[in-house]
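One structure below.
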Amino acid sequence: MSTAKKILIGAGCTVVIGAVIGTAYGIRANSLKNSSLGEVTLECGQEITVDKFFDAVPDDVSFITDISQIDVNKEGSYQISINNGGYVTKSILNLKDTTAPSADPVPQDAYVNQLPDPNDCITNIVDAHEVKVEYEADVDKKINAPGGVMIGIVLTDSCNNKTTVEVPFNVIEDNYAPMIKGVTDYEFEVGEFKSGGFNFLDGITCEDDYDKDPTLTVDDSKVDFSKAGEYVLTYSSSDDAGNGREVTAMVLVTAKATPTPTPTATPTPKPDKKTDKKPKKPTATPTPTPKPSDSDSHRRKSTPTPTAKPTSAPSSGKSGKTTKAKEAVAKARSVLKGITTSGMSKEQKAFKGVWWCHKYIKYNHNASDESSWAKSAISGFKTKRANCFGYYSCCKAIFDSLGISNKQVRRVGGAKHFWNLAYLNGGWYHCDSTPFRGAGVKFCFMMTDKNVKAAKGCHWFTSGNYPKRSTVDVQKYLNYSSGTISKGMPKPKATNTPTPKPTAKPTKKPTASPTSKAPATAKPTATATAKPTATAKPTATTTAATPTQEPKD
């Protein structure tokens with residue numbers, strides 16, 4: 001074969017082979033072009049996978065573009081390159097957010113015109129983007145009156161997709177501030193506590209009709225335990241509805257009292273055996289000041305001070321020596337009229353009156369005029385504010401209005417304090433309506449010396465300055481919460497108020513009566529001298545052991 005023929009045959013083969021290859025490539029390229037998606041749109045948050053770019057996924061395909069660098073939660077458009085069996089195909093990826101957020105409602109109790117945080121009204125929010133939560137428009141018109149109502153909470157995502165969740169509301173009208181209970185005045189000695197060392201919220205409670213956890217605070221910043229003086233405490237409460245209340249109390253810080261040394265008893269001398277003479281009686285030693293009860297941790301150390309003389313109160317309740325005293329007793333009668341009945345005993349009425357003073361008169365250290373019990377009582381009944389002298393004065397007016405003998409008792413040692421000694425149920429008893437920290441509803445009524453020393457308030461007094469008190473304990477018959485006395489209360493023993501012993505009057509010695517002069521001739525009449533009655537016994541008879549007549553002041 002000639003060389004020309006070989007060249008021609010070779011060129012023909014090359015053309016044929018090239019044509020075959022070109023035809024195959026065209027078929028494959030057309031197949032890729034027809035099978036891939038030129039543009040793909042996905043919802044934000046969806047996973048990007050290669051199958052989403054083909055109607056029918058060919059074998060051996062993968063992403064050339066690093067899709068891990070694409071934030072699927074943000075809207076945007078991206079060009080994607082795909083390896084399709086050794087060939088490159090391209091597509092456009094669009095990320096869009098067209099789905100609105102979803103959430104579950106949380107029912108609410110709300111006060112009139114008081115909207116809670118809208119985020120508290122829903123739960124379980126679902127969305128690919130950040131969601132804004134807010135109330136629907138004109139919500140104020142739905143919350144301005146009590147009752148049940150549905151309120152819309154609008155959810156909007158960053159792609160401006162919105163949805164509204166309806167939440168049920170129970171709208172409440174609350175106009176009452178939380179009550180503060182247990183507030184009382186305090187008394188300390190200088191240095192007894194360091195600044196901030198005493199908890200003035202101990203024992204104080206706060207209650208509200210709707211708010212289960214109202215706020216309670218106390219401002220004790222003005223109290224200085226290192227300096228004697230009077231300081232103001234301010235208690236504050238508030239509820240969810242915005243109602244607030246303030247209550248004040250006084251803190252009295254007194255100088256430390258110097259303890260009184262207990263006098264040493266003088267020993268009784270023994271008889272002298274040599275002379276067999278009885279020794280002289282030792283001189284009486286002074287009675288030591290009674291120690292305070294351990295039931296109160298404050299005011300234990302004290303320095304006795306001169307005992308105040310009993311006030312010139314009308315005896316047996318016969319008030320009216322002055323216009324002010326009459327007015328004070330009239331106010332006491334007015335109080336008793338509203339809380340007692342005609343069938344009550346004098347003791348029952350007295351207990352009710354002292355109970356009223358304790359319950360309804362609030363302590364205020366500067367409230368009472370201590371120059372006059374009558375003025376102090378009038379002020380206490382009128383303003384319902386008093387210090388310890390005011391409580392004493394109001395109770396005195398109660399006792400006077402009932403015709404009950406009473407005296408003023410004054411504390412010896414420590415800060416001054418006043419209370420009443422009243423003749424009740426046939427004996428003298430201590431009565432004190434002043435509220436003391438830690439005593440609760442308990443106050444002092446018909447207490448013996450033993451009772452009152454164990455009670456709150458440091459009732460120290462000089463025993464010999466007052467009538468002998470009853471020793472009959474009647475506390476179990478008293479209901480301090482209601483001011484009532486149960487049946488069966490015993491009378492004091494007769495020895496508590498002894499009957500004065502009758503003094504026997506001696507029989508007068510009879511003297512001889514002189515006879516008239518006889519005639520001179522007559523014999524003189526013998527003058528007989530009458531002898532006194534031998535060992536005359538007292539004519540008065542002693543009485544049986546019964547309670548004495550009510551004493552006079």
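Side chains are part of it too, since the values below use all heavy atoms of this structure and drop only hydrogens, waters and symmetry mates. Residues: numbered from 1 along the sequence shown.
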Please confirm whether the backbone N or O of [Y] pairs with a side-chain atom of [X], one donor and one acceptor, at under 3.5 Å?
{"X": "D140", "Y": "K142", "answer": "no"}
{"X": "N84", "Y": "Y87", "answer": "no"}
{"X": "D211", "Y": "D239", "answer": "no"}
{"X": "Q475", "Y": "F445", "answer": "yes"}
{"X": "T164", "Y": "V154", "answer": "no"}
{"X": "N243", "Y": "D174", "answer": "yes"}
{"X": "R245", "Y": "A177", "answer": "yes"}
{"X": "S486", "Y": "Y477", "answer": "yes"}
{"X": "W419", "Y": "R410", "answer": "no"}
{"X": "N83", "Y": "G86", "answer": "yes"}

Handout entry: Cation-pi, W356 ring and K359 (6.0 angstrom, 45 degrees)
Key =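 No cation-pi geometry.
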Problem - ring pair (Phe, Tyr, Trp, His ring centres under 6.0 Å) assessment of Y480 paired with H358 - result: CA-CA 10 Å; Y480 281 93; H358 174 82; 8.4 Å; no
Exercise for the section: Could you check E39 against N94 for side-chain hydrogen bond (donor to acceptor under 3.5 Å, both in side chains), going step by step and ending with a plain yes or no? Expected result: CA-CA 8 Å; E39 188 172 358; N94 298 314; 2.5 Å; yes
Can you tell me how far apart [atom1] ([X]) and [atom2] ([Y]) are? Round to the nearest 0.5 Å.
{"X": "F53", "Y": "L42", "atom1": "CZ", "atom2": "CG", "answer": "6.5 Å"}
{"X": "L115", "Y": "I151", "atom1": "CG", "atom2": "CD1", "answer": "6.0 Å"}
{"X": "I153", "Y": "I122", "atom1": "CD1", "atom2": "CD1", "answer": "7.0 Å"}
{"X": "L216", "Y": "S238", "atom1": "CG", "atom2": "OG", "answer": "9.0 Å"}
{"X": "L155", "Y": "N119", "atom1": "CG", "atom2": "CG", "answer": "9.5 Å"}
{"X": "N366", "Y": "M250", "atom1": "CG", "atom2": "CE", "answer": "5.5 Å"}

Side chains of [X] and [Y]: is there a donor and an acceptor less than 3.5 Å apart?
{"X": "K90", "Y": "S81", "value": "yes"}
{"X": "D473", "Y": "N451", "value": "yes"}
{"X": "T99", "Y": "E43", "value": "yes"}
{"X": "N420", "Y": "D432", "value": "no"}
{"X": "K52", "Y": "T49", "value": "yes"}

Practice task
Go through D104 and N124 one step at a time and tell me if the side-chain hydrogen bond (donor to acceptor under 3.5 Å, both in side chains) criterion holds.
Solution key: CA-CA 6 Å; D104 297 326; N124 300 327; 2.9 Å; yes
Practice task
Just jot down the salt bridge (charged side-chain N to carboxylate O under 4.0 Å, His left out) partners of E207, sequence neighbours excluded, or say none.
Solution key: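 Result, salt bridge (charged side-chain N to carboxylate O under 4.0 Å, His left out) vs E207: K181.
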Problem - Partners passing salt bridge (charged side-chain N to carboxylate O under 4.0 Å, His left out) against E173 (at least two apart in sequence or in another chain) - result: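 Expected list: none.
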Please report the shortest heavy-atom distance between [X] and [Y], naming the atom on each side.
{"X": "K349", "Y": "T341", "value": "CE-O, 3.3 Å"}
{"X": "H129", "Y": "S158", "value": "CB-OG, 3.0 Å"}
{"X": "A397", "Y": "A328", "value": "CB-O, 3.8 Å"}
{"X": "V167", "Y": "Q108", "value": "CG1-CG, 4.3 Å"}

Practice task
Report the C-alpha distance between R411 and E187 in whole Å, list the side-chain angles of each, state the deciding distance to 0.1 Å, and finish with yes or no for salt bridge (Lys or Arg N to Asp or Glu O under 4.0 Å).
Solution key: CA-CA 14 Å; R411 178 193 289 163; E187 187 173 337; 3.7 Å; yes
Handout entry: salt bridge (Lys or Arg N to Asp or Glu O under 4.0 Å) partners of residues 360-371, not counting sequence neighbours, each pair once
Key =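 Non-adjacent pairs meeting salt bridge (Lys or Arg N to Asp or Glu O under 4.0 Å): E370-K416.
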Residue pair [X] / [Y], side-chain heavy-atom distance below 4.5 Å:
{"X": "Y78", "Y": "T65", "value": "no"}
{"X": "I80", "Y": "I92", "value": "no"}
{"X": "I143", "Y": "F169", "value": "yes"}
{"X": "D97", "Y": "N161", "value": "yes"}

Handout entry: Over 12 non-hydrogen atoms of neighbours within 6.0 angstrom of CD in E134
Key =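 Yes, enclosed.
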Listing, residues 377-385 side-chain donor-acceptor contacts under 3.5 Å, not counting sequence neighbours, or none:
unit_1 : atom_1 : unit_2 : atom_2 : d
T383   : OG1    : S379   : O      : 2.8
T383   : OG1    : R385   : N      : 3.3

Practice task
Provide the full list of ring-ring contact (aromatic ring centres under 6.0 Å, His included) pairs with a residue in residues 210-243, sequence neighbours left out, each pair given once.
Solution key: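 Found F188-F225, F193-F225.
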Handout entry: Set of residues satisfying side-chain contact (heavy atoms from CB on, under 4.5 Å) with respect to T248, sequence neighbours excluded
Key =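 Residues passing side-chain contact (heavy atoms from CB on, under 4.5 Å) with T248: V232, T234.
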Exercise for the section: Would you mind telling me which of F389, F436, Y391, Y392 makes a ring pair (Phe, Tyr, Trp, His ring centres under 6.0 Å) with H417? Expected result: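 Of the listed options, the one satisfying the test is F436.
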